[in-house]
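The structure under discussion appears below in the form of structure tokens.
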Amino acid sequence: MGIPLTGHDGRVLGVCAVPLTGGRTLLASAGWDTTVRLWDPDTHEPAGDPLTGHGGPVLAVCAVPLPDGRTLLASAGWDTTVRLWNLDTHEPAGDPLVGHGGLVVAVCAVPLPGGRTVIASASRDATVRFWDPDTHAPVGDPLTGHHGAVYGVCAVPLPDGRALLASAGSDRTVRLWDPRSGQPAQKPMIGHTDAVSAVCPMTLPDGRTLLASAGSDRTVRLWDPGSGQPAQKPMIGHTDAVSAVCPVTLSDGRVLLASAGRDQMVGLWDPASDQPAGEPLTGHDDAVSAVCAVTLPDGRALLASASDDKTTRLWDPGSGRPWTKPLIVHHSEVYGVCAVAPRDEPTVLACGCADGKVHFWDPGSGQPAQKSVLTGRHDGIVALRVGTPWGERDVLAYLHKNGMVRLRDPSSREPVSTRDLTGRDDEVARLPIITPEGEHIVLAYTNGDGTVRLWDENWARKPLVGHRDAVSGVCAVTLPCGRALLASSSWDTTVRLWDLDTGQPAAEPLTGHTGAVYAVCPVTLPDGHTVLASASEDTTVRLWHPDTGQPATEPLTGHTGAVYAVCPVTLPDGHTVLASASEDTTVRLWHPDTGQPATEPLTGHTGAVYAVCPVTLPDGHTVLASASEDTTVRLWHPDTGQPATEPLTGHTGAVYAVCPVTLPDGCTVLASSGRDRTVLVWTFPGPTRRLSSSAAGDAVGVRSERSVGFGEIA
């Protein structure tokens, strides 16, 4: 195992080598914790303080050489910006580069004739942009052509001295562009059968340059950039999506291709034979998200890999061995939280943790419930009330990272069936319950492979196939005739409607969004009809007639960042408004019949808002809860848009989810979970209880926090 460089408080999403004057090279890493960190690959120690400034996770980093010999560092962020850093001062080198309408996934430096360099950035808004690193101004118009998110960019040197730009997209294509004109240089390169996640150039010992691409189809491919045709057969060996590729030159002059996989492995490939160059490099205990070559002052090349296990590791690519003795650090995070009602027992709170266990808690006392732990690897949990065949009792469903869903009786903690729900070996994204009126109960869950899978009481698997990228959300929506359809949202920019009886599309895809669609929900209009709301990376919310698939209103515009969540909220007069949560730090309320704002934007959060939900109080009134990157939960009066109380503080990291929980005495509490590996239960009145995973991950500690009383609500 390679030596981990530990310091990030969260996943490491990108790494790159940064050559400095004097022959020294640093390693830069991009973190989910919003920081960029610099490391000395020789000593394995940090090279200065973390670089801070991004308002969300940092997704990629790259070195930017300037004509005067200096090198800047560019970083791409969830906050839709690209930032430049002065490596001498560790300070920003000017203002952020702003223009993308979605999170920026990749950056690279592109050399132009005359010694100039521009920066290319790829975004989930389906565009690539060029920037001048001296003036920080855009260069030309955005490059459009991809039909979905763009996940990777790289410069590709040609034999005549020119350089092209390659881009990788969720539309399964690799594209080449002329950076001088901004026009396509070739037809799209087609061959991958799933999203293309990364591209990189690879110069062989004979002087030829090939283009390598990594795909969610678990393959690595090589292309001739001159012709746009495949240069080799696909390289097959990974057992899960391939996230990144990079070339690495050995001391004997050979050039290998390294690949990073969600299967926790780093692969090494011989481009001459399209075969593995030895055994995979193993040691990471979670998905590997990035790889890069690092040259030491003595000329030796190392390989660095970054992983969701929160470590960066260094390897000797020639031997396939770790560069030094590994340091092992284990962490545990809370991935999900939900309320579940065991039969004839009080409601408990279930928490799914990164330690592979589901913990059960009494939300009234904040103490562990009886039979408090289930074991087994999973990535999230949700409680479902189902009918046949479980006799109107709650069932707890929890998810394995390989796409397996297990169902348990929350009373006995025993399986409700001897059969697991198995789908494709891919990440499960959502797991809601679909309850068509007068029909069978259906369980729906979504895979990163672009499918929705359905299970009914007969355990009949019915994959819904049609999306071209990961499915981000599903919900049931009722037609005027009373029939229920399933709606699904996807990163492929579409919403789709499905017939639950046949498993076939119920209409043509709902198109109009220009970025990933993150969420869908039904909303009831004053006349009793239901429309479907969708939230997108393109900053808009759209409303649709589910019976015709046509827009119900013009797009709801006003947000200036990606919209992550939508939910209906009932007002005191019985009318319903639609709430939307956005990257732009605001929550907005809309009249679903007209598409017009219902109030001024709800402002107060200082970071992206990731989730919203209605909470019904014991007196019958409903407030709106919102969860934010700024570590707070806020409560709002949905009829006025005003705060209902002071912000709920206690989390020490971003808050990703909120949900109401009704106790046996009829009181409602609010549960929230976040990046700080804790779940907070907010009571009205009463103490707020913190449920946090211990360092060992075997138990959860409880400690009291500030109380929030109903009397405090304005």
Side-chain angles (χ1 to χ4, degrees), residues 62 105-111 120 122 128 143 145-238 241-249 254-261 267-277 290-293 468-469:
C62 80
V105 183
V107 284
C108 76
V110 183
V128 175
L143 309 186
H146 280 291
H147 303 295
V150 188
Y151 292 138
V153 282
C154 75
V156 184
L158 299 181
D160 61 8
R162 293 181 302 128
L164 300 179
L165 179 73
S167 59
S170 64
D171 58 6
R172 308 179 186 179
T173 69
V174 176
R175 296 173 185 257
L176 287 172
W177 310 84
D178 184 337
R180 295 174 300 175
S181 66
Q183 297 300 309
Q186 292 281 1
K187 292 182 179 179
M189 301 179 190
I190 300 174
H192 282 288
T193 59
D194 208 334
V196 188
S197 49
V199 281
C200 78
M202 185 172 193
T203 302
L204 304 181
D206 61 9
R208 290 184 302 142
T209 296
L210 301 179
L211 178 64
S213 60
S216 294
D217 59 5
R218 311 175 189 183
T219 69
V220 176
R221 296 173 186 255
L222 289 173
W223 309 85
D224 180 345
S227 66
Q229 296 300 309
Q232 297 280 6
K233 294 179 181 179
M235 300 177 187
I236 300 173
H238 281 287
V242 187
S243 305
V245 282
C246 81
V248 56
T249 302
R254 288 186 301 143
V255 179
L256 301 181
L257 183 65
S259 57
L268 290 172
W269 307 88
D270 182 348
S273 65
D274 63 54
Q275 295 298 313
V291 283
C292 77
R468 294 180 288 106
D469 205 338

Work out which heavy atom in [X] is nearest to a heavy atom in [Y]; give both atom names and the distance.
{"X": "P111", "Y": "A155", "answer": "CD-CB, 4.0 Å"}
{"X": "L165", "Y": "C108", "answer": "CD1-SG, 3.7 Å"}
{"X": "R172", "Y": "R468", "answer": "NH2-CA, 4.0 Å"}
{"X": "V153", "Y": "A120", "answer": "CG2-O, 3.9 Å"}
{"X": "M202", "Y": "L222", "answer": "SD-CD2, 4.3 Å"}
{"X": "S259", "Y": "W269", "answer": "OG-NE1, 2.8 Å"}

Worksheet item: With sequence neighbours excluded, what pairs up with D270 under the salt bridge (Lys or Arg N to Asp or Glu O under 4.0 Å) test?
Response: none
Item to complete: Please round to the nearest 0.5 Å and tell me the distance separating atom OG1 of T249 and atom CZ of R254.
Response: 11.0 Å
Practice prompt. Find the distance between CG (L268) and CG (L257) and round it off to the nearest 0.5 Å.
Written response: 8.5 Å
Discussion item. With side-chain contact (heavy atoms from CB on, under 4.5 Å) as the criterion, how do C154 and L211 come out once you've worked through the C-alpha distance, each side chain's angles and the decisive distance to 0.1 Å?
Written reply: CA-CA 9 Å; C154 75; L211 178 64; 3.7 Å; yes
Less than 4.5 Å apart, any side-chain heavy atom of [X] and any of [Y]?
{"X": "V199", "Y": "V174", "result": "yes"}
{"X": "T193", "Y": "S216", "result": "no"}
{"X": "L158", "Y": "L164", "result": "yes"}
{"X": "V156", "Y": "T209", "result": "yes"}
{"X": "L210", "Y": "L204", "result": "yes"}

Worksheet item: Under 3.5 Å, is there a donor-acceptor pair between the side chain of D194 and the main chain of D217?
Response: no
Worksheet item: Can any side-chain N or O of S181 pair as donor or acceptor with the backbone N or O of Q183 at less than 3.5 Å?
Response: yes
Item to complete: Write out all pairs satisfying salt bridge (Lys or Arg N to Asp or Glu O under 4.0 Å) with one or both partners inside residues 157-170, taking only residues at least two apart or from two chains.
Response: D160-R162
Discussion item. For the residue pair H192 / S213, report whether a side-chain donor-acceptor contact shorter than 3.5 Å exists.
Written reply: yes
Less than 3.5 Å apart, which donor and acceptor atoms pair up between the side chains of residues 227-237 and the rest of the protein, not counting sequence neighbours?
residue: S227; atom: OG; partner: Q229; partner atom: N; Å: 3.2
residue: Q232; atom: NE2; partner: P271; partner atom: O; Å: 2.8

